[in-house]
Amino acid sequence: MQKYQYANTIEHLYEDIALWEKEEGVQLFQEMPLNGNQIPRVLDFGYGFGEYLFAAANAFPNGMIYGVDGYPVSQKEVSQKVENDSVKNVKLINKVMYDLKEFEDDSFDLMLLYDMLHGGDGKLKYMLFEEAKRVIKPGGCLSILPVHLGNWRDRQGKKKAYTIEKIVDEISGYGFKYSGTCNIKGIHWEKCHTLYYIQKKSISFDILERADIMNFIKK
């Protein structure tokens, strides 16, 4: 596997993230099961601070990447980066969304649910699965990064010990077929933007949590 030249120091953390968005992140998206489609329409729900959003934009310069997020700090930072870098293939929808009715049926080739399926009362997770079934095109891909598995909840809002097998079984019930994981693991970026770790100056790129990205194809 290709080696990337990360500094892996606190001082260069954000330079390492920018490198990931341009190199390793691009390779990650080029592994997505999109049947060679290089001009996909992509939806990143809960784009956070934009690492996956910008990696997808770099991977698919002729595609269109839609980002949804309701967190004002993320909105401000990512909007500023889109403007400063003159990113033409990203459209931000900066508001809280309780459904995806703004988007038409069968309108996306790829939908990202990364670090978005835990917490709360569990209702968001099932709404997103239901809406993914509607807005993803037949043959399109639902891609998830399953982290915080101890905080996932069932339909009754109760915490359950989710396993990879349980995730596959649950998402398959919405009309998707599991197609496996990418060779490159996804990164859980949370610590990069958590005040506790920033103040302690204890975070560098190499200690970020990585997890398998799971891909599901709509039947």
Query raised in the report: When you check the side-chain N and O atoms of Tyr174 and Glu131, is any donor under 3.5 Å from an acceptor?
Result: no
Report task. Determine the minimum heavy-atom distance between Asp115 and His118, stating which atoms define it. Result -> OD1-CE1, 2.9 Å
Query raised in the report: Are Leu13 and Ile207 connected in a single hydrophobic cluster, I mean Ile/Leu/Val/Met/Phe/Trp/Tyr linked by side-chain heavy atoms less than 4.5 Å apart?
Result: yes
Query raised in the report: Got more than 12 heavy atoms from elsewhere within 6.0 Å of OH, Tyr98?
Result: no
Query - Value rounded to 0.5 Å, distance of SG in Cys141 from CG in Asn35 - result: 10.0 Å
**Report entry** Test item: Trp152 side-chain N/O and Val147 main-chain N/O as donor-acceptor pair under 3.5 Å
**Finding:** yes
Query raised in the report: So, are Asp69 and Lys95 salt-bridged, with charged N and O less than 4.0 Å apart?
Result: no
Report task. Show your reasoning for whether side chain to side chain contact (heavy atoms under 4.5 Å, CB included) applies to Glu51 and Ile187. Result -> CA-CA 9 Å; Glu51 291 90 355; Ile187 296 178; over 6 Å; no
Requested in this report: Measure the shortest side-chain to side-chain distance between Leu128 and Met111 over non-hydrogen atoms and say whether it is less than 4.5 angstrom.
Outcome: yes
Query raised in the report: Does the cation-pi check pass for Lys191 over Tyr197, that is, NZ or CZ under 6.0 Å from the six-membered ring centre and within 45° of its axis?
Result: yes
Report task. Any chance you could lay out the side chain to side chain contact (heavy atoms under 4.5 Å, CB included) test for Glu209 and Glu190, step after step, and finish with the verdict? Result -> CA-CA 9 Å; Glu209 176 190 0; Glu190 182 177 337; over 6 Å; no
Requested in this report: Look at the side chain of Arg134 and the backbone N and O of Leu100, then say whether any donor-acceptor pair between them is shorter than 3.5 Å.
Outcome: yes
Query raised in the report: NZ of Lys159 to CG of Asn151: how many Å apart, nearest 0.5 Å?
Result: 4.5 Å
Query raised in the report: Looking at Phe108, does the NZ or CZ of Lys137 lie under 6.0 angstrom from its six-membered ring centre and within 45 degrees of the ring axis?
Result: no
Requested in this report: Output the distance between atom CG (Asp106) and atom CD1 (Ile136), rounded to the nearest 0.5 Å.
Outcome: 10.0 Å
Report task. Return the minimal non-hydrogen interatomic distance between Pro72 and Gly70, and the atom names on each side. Result -> CD-O, 3.4 Å
Query raised in the report: Just wondering, are more than 12 heavy atoms of other shown residues or ligands nearer than 6.0 Å to CD in Glu11?
Result: yes
**Report entry** Ile217 with Ile164, same ILVMFWY side-chain cluster at under 4.5 Å
**Finding:** no
Query - Beyond-backbone contact of Phe45 with Leu112, side-chain heavy atoms, under 4.5 angstrom - result: no
Query - Distance-only donor-acceptor check, side chains His193 and Glu77, under 3.5 Å - result: no
Query raised in the report: Minimum heavy-atom separation for Ser202 to Ile10, with atom names?
Result: N-CD1, 4.1 Å
Report task. Determine the minimum heavy-atom distance between Leu145 and Gly186, stating which atoms define it. Result -> CD1-CA, 4.0 Å
Report task. Answer with yes or no whether the side chains of Ser79 and Asn94 bring together a donor and an acceptor at under 3.5 Å. Result -> yes
**Report entry** Ring centres under 6.0 angstrom apart (Tyr47, Tyr52)
**Finding:** no
Query raised in the report: Do side-chain atoms of Arg153 reach the backbone of Gly120 as a donor and acceptor pair under 3.5 angstrom?
Result: yes
**Report entry** Co-membership, hydrophobic cluster, residues Val90 and Leu34, 4.5 Å side-chain
**Finding:** yes
Requested in this report: Check for a donor-acceptor pair, side chain of Asp16 on one end and backbone N or O of Ala7 on the other, with a separation under 3.5 Å.
Outcome: yes
Query raised in the report: Is there a side chain to side chain contact (heavy atoms under 4.5 Å, CB included) between Phe29 and Val42 once you walk through the steps?
Result: CA-CA 11 Å; Phe29 280 104; Val42 180; 5.6 Å; no
Query raised in the report: Could you state the interatomic distance from CD1 (Ile39) to CZ (Phe60), rounded to the nearest 0.5 Å?
Result: 11.0 Å
**Report entry** Salt-bridge present (Arg155, Glu170; N to O < 4.0 Å)
**Finding:** no
Query - Distance-minimising heavy-atom pair for Ala55 and Trp20 - result: CB-CZ3, 3.7 Å
Report task. State, yes or no, whether a side-chain contact exists between Glu31 and Ile184 at a heavy-atom distance under 4.5 Å. Result -> yes
Query raised in the report: Do the side chain of Asn8 and the main chain of Asp206 share a donor and acceptor less than 3.5 angstrom apart?
Result: yes
Query raised in the report: How long is the span from the CD atom in Glu21 to the CG atom in Leu53, to the nearest 0.5 Å?
Result: 9.0 Å
**Report entry** Tyr178 and Phe216 aromatic ring geometry - parallel, tilted or perpendicular at 30°/60° bounds
**Finding:** tilted
Requested in this report: Classify the angle between the aromatic ring planes of Tyr6 and Tyr4 as parallel (below 30°), tilted (30 to 60°) or perpendicular (above 60°).
Outcome: tilted
Query raised in the report: Between Leu92 and Tyr66, is any pair of side-chain heavy atoms under 4.5 Å apart?
Result: no
Requested in this report: Assign the ring pair Phe205 / Trp189 to parallel, tilted or perpendicular, where the plane angle (0 to 90°) is split at 30° and 60°.
Outcome: tilted
Query raised in the report: Is there side-chain contact between Tyr114 and Asp44, with heavy atoms separated by less than 4.5 Å?
Result: no
Query - Working for side chain to side chain contact (heavy atoms under 4.5 Å, CB included), residues Lys133 and Phe129 - result: CA-CA 6 Å; Lys133 177 182 178 181; Phe129 289 164; over 6 Å; no
Query raised in the report: Taking atom types as modelled, is there a side-chain donor on Asn215 or Ser143 under 3.5 Å from an acceptor on the other?
Result: yes
Report task. Could you tell me whether the side chain of Ile171 reaches within less than 4.5 Å of the side chain of Leu142, counting heavy atoms only? Result -> yes
Query raised in the report: Considering only heavy atoms from C-beta outward, does the side chain of Ile167 approach that of Leu149 to under 4.5 Å?
Result: yes
**Report entry** Considering all heavy atoms, the nearest Val87-Ala57 contact
**Finding:** CG1-CB, 4.4 Å
**Report entry** Lys166 to Tyr162 six-membered ring, cation-pi geometry met (6.0 Å, 45°)
**Finding:** yes
Query raised in the report: Any side-chain heavy-atom pair from Ile213 and Ile144 closer than 4.5 angstrom?
Result: no
Query raised in the report: Distance-only, no hydrogens or angles: does the Asp169 side chain make a donor-acceptor pair with backbone N or O of Glu165 under 3.5 Å?
Result: no
Report task. Check whether any side-chain N or O of Ser107 sits under 3.5 Å from a backbone N or O of Phe103 as a donor-acceptor pair, and report yes or no. Result -> no
Query raised in the report: When hydrophobic residues are tied together by side-chain contacts of less than 4.5 Å, even through go-betweens, does Ile65 share a cluster with Met97?
Result: no
Requested in this report: Could you tell me whether Arg210 and Glu24 make a salt bridge, using a distance below 4.0 angstrom between a side-chain N and a carboxylate O?
Outcome: yes
Report task. Count the heavy atoms of every other residue, nucleotide or ligand shown that sit under 6.0 Å from CD1 of Ile198, and state whether that count exceeds 12. Result -> yes
Query raised in the report: Ignoring hydrogens and geometry, is there a side-chain-to-backbone donor-acceptor pair from Ser74 to Gly48 under 3.5 Å?
Result: yes
Query raised in the report: When you look at Lys185 and Asp212, which way does the salt bridge (charged side-chain N to carboxylate O under 4.0 Å, His left out) test go after all the steps?
Result: CA-CA 5 Å; Lys185 290 182 179 292; Asp212 284 329; 2.7 Å; yes
Report summary line: Output for pair (Asp99 CG, Glu130 CD), nearest 0.5 Å, gives 11.5 Å
